[in-house]
2 protein chains.
Amino acid sequence: MIMQTTVASTRAQAARYPAAEHEAGFTDIDIDLLRKYVPVLRHKLSAGQYLYHAGQPFQSLYLINSGFLKTVELADDGRDQVTGFRMRGDFLGAESIGLKTYACGAVSLESGEAWELPYPAMLTACREIPELQARLTAALAQEIRDDHAWMLAIGTLNAEQRVATFLLDVAKRYARLGYSARHFMLRMRRTDMANFLALKHETVSRVMSRLDDLRLISVERREVHVLDDSGLRAMAGMRV
Amino acid sequence: MIMQTTVASTRAQAARYPAAEHEAGFTDIDIDLLRKYVPVLRHKLSAGQYLYHAGQPFQSLYLINSGFLKTVELADDGRDQVTGFRMRGDFLGAESIGLKTYACGAVSLESGEAWELPYPAMLTACREIPELQARLTAALAQEIRDDHAWMLAIGTLNAEQRVATFLLDVAKRYARLGYSARHFMLRMRRTDMANFLALKHETVSRVMSRLDDLRLISVERREVHVLDDSGLRAMAGMRV
DNA sequence: CGGCGTATTGAATCAAGTCAATGCGCGTGG
DNA sequence: CCACGCGCATTGACTTGATTCAATACGCCG
């Protein structure tokens, strides 16, 4: 099955996929070195489970070892916004650094495993491992850039272009982890995609069907085949 | 005149407005201490001038001493997105940490002054001033949270609510600098507001007129009086 | 096998966009 | 000093892409 990972193969996989130079994550940090300073706590996650809730005391960052999560911003009147999706090698919780409580929630969309990195210990480790501090800062900056890229997409693209852009982004991220960029399983519901893209789920559904009609992709519920990559890029408004 | 500052009064003003605890900026860092490690270069800015362009080599962070700027994300096909507005005490360029070139552009919307902080020197300073590293990290995290808050607004609010939310945010930020939250001058064109809020300038204009009709504010081009703060909050969809 | 959560599709509606005209202010130069 | 011109803002009329409401279908899990 696509994207499936096992706990046993975990270390090997993490080593196999160094992050790209310009988008350095945590995966290219020596985990064994990190362990000397930070007690790494493993957490099994199941679908629908919260890794942390908005409002809960901020204590740790989390490194996703396997699985797939969404981060959700919550307004006091109940409005909510999916602010991103995270997969293996991504880390979570950094947006809440400097606060007493988490600013958003992180929900697992399938079973997986997250490694908890207590923040006070991380601070100590950052002093001992200069590279770690740089990685953490760079990862925060990258998150800002990702957010800005989506603000650009949502502010300037129509529904079809947003969905096309989203699919290409998902494909790219899967490819980075060594999976196929041409055939993958979406891990989230239409509602989650729609919320993230500032659309309604019916619109996403319709657009997906239309991309299918145009033979740019083939869709069967959550299973996606990219049939015409450059066509999809053209629709997304990208320069080839 | 509202918001006007002079170079001479600069230091005193910066000292007068410590950032709120949960949104620590750079203003509460001892600038004189920082100067021991970082050569702070002053830059005068005039309206329309770029502090830095997207694509230009990344070398420095900037601390806004006076004036008002917008940050603009630029797509390769010409689409652009205003990702935020910055004023005194805010800093700029941090989103490009880890890159060879700036990821976005920063444009001054009025005359002002920015202090350039060369990044390599900042890294050194961070090692010598533990507090500085924490501030920088916290400020990056804060920027992520701000972006998420706007993603929430744009994803869940209609045009009227977005504009109301924007005006309240501007008012709050002016108030934090010691200016009136009830009477202020918008520094940006309708087009910039609209772009930031993922609307068209005609829509923003219409909404402003409507808020005026409803006696929530009075608008005269860029001059805004908040007449009914709680009414405006209600319109923004906030809990009182 | 049944039922619930999720996805698809259609038809009607509407909020915001588009196109276009007019108005206002400010800065420049006669 | 005033007239002119240009950039910005406002407003109206019309269009449209996305939403809303509603019905139906699919598929997984218990």
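Because the structure is predicted, anything quoted here is derived from the model rather than measured. Protein chains get the first letters and strands the later ones, always in sequence-line order, with residue 1 at the start of each.
- Counting to the nearest Å, the P atom of D:dC28 and the CD atom of A:E223 are 11 Å from each other.
- Summary of helix geometry: the two end axes of the helix from C:dC1-D:dG30 to C:dG30-D:dC1, each defined by five base pairs via their C1' atoms, are inclined to each other by 40° (rounded to 10°).
- Between the side chains of A:E220 and A:H225, not a single donor N or O lies within less than 3.5 Å of an accepting N or O.
- Here the P atom of nucleotide C:dT6 and the CG atom of A:L186 are 15 Å apart, to the nearest Å.
- In this structure, the CZ atom of A:R222 is 11 Å from the P atom of D:dC28, given to the nearest Å.
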Review item, nucleotides 10-14 of chain D N/O atoms under 3.5 Å of protein N/O:
residue, atom, partner, partner atom, Å
D:dT10, OP1, B:R190, NH2, 3.2
D:dT10, OP2, B:R190, NE, 2.6
D:dT10, OP2, B:R190, NH2, 3.4
D:dT10, OP2, B:S205, OG, 2.6
D:dT10, O5', B:S205, OG, 3.1
D:dT11, OP2, B:S209, OG, 2.5
D:dG12, N7, B:R206, NH1, 2.8
D:dG12, O6, B:R206, NH2, 3.3

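- Comment: B:R189 engages B:D192 in a salt bridge, judged by a side-chain N to carboxylate O separation of less than 4.0 angstrom.
- Checked by atom type, the side-chain pair A:R182/A:Y174 shows no donor-acceptor distance below 3.5 Å.
- In this structure, A:K200 places its NZ atom 12 Å from P of C:dA16, rounding to the nearest Å.
- Between A:L109 atom CG and C:dG5 atom P there is a gap of 17 Å when expressed in whole angstrom units.
- In the set D:dA9, D:dT19, C:dG17, the nucleotide with an atom closest to the side chain of B:L199 is C:dG17.
- No donor-acceptor contact under 3.5 angstrom links the side chains of B:S111 and B:S46, judged on distance only.
- Ring centroids of B:F196 and B:W150 are separated by less than 6.0 Å, placing the two rings close together.
- In this structure, CZ of A:R210 is placed 21 Å from P of C:dA7, rounded to the nearest angstrom.
- Atom P of nucleotide C:dC26 and atom CZ of B:R189 are separated by 17 Å, given to the nearest angstrom.
- One can place CG of A:L197 at 12 Å from P of D:dA18, the figure rounded to the nearest angstrom.
- A centroid separation of 6.0 Å or more is found between the aromatic rings of B:F58 and B:Y52.
- Non-hydrogen atoms lying under 4.0 Å from DNA chain D are contributed by A:N158, A:A159, all within residues 152-159 of chain A.
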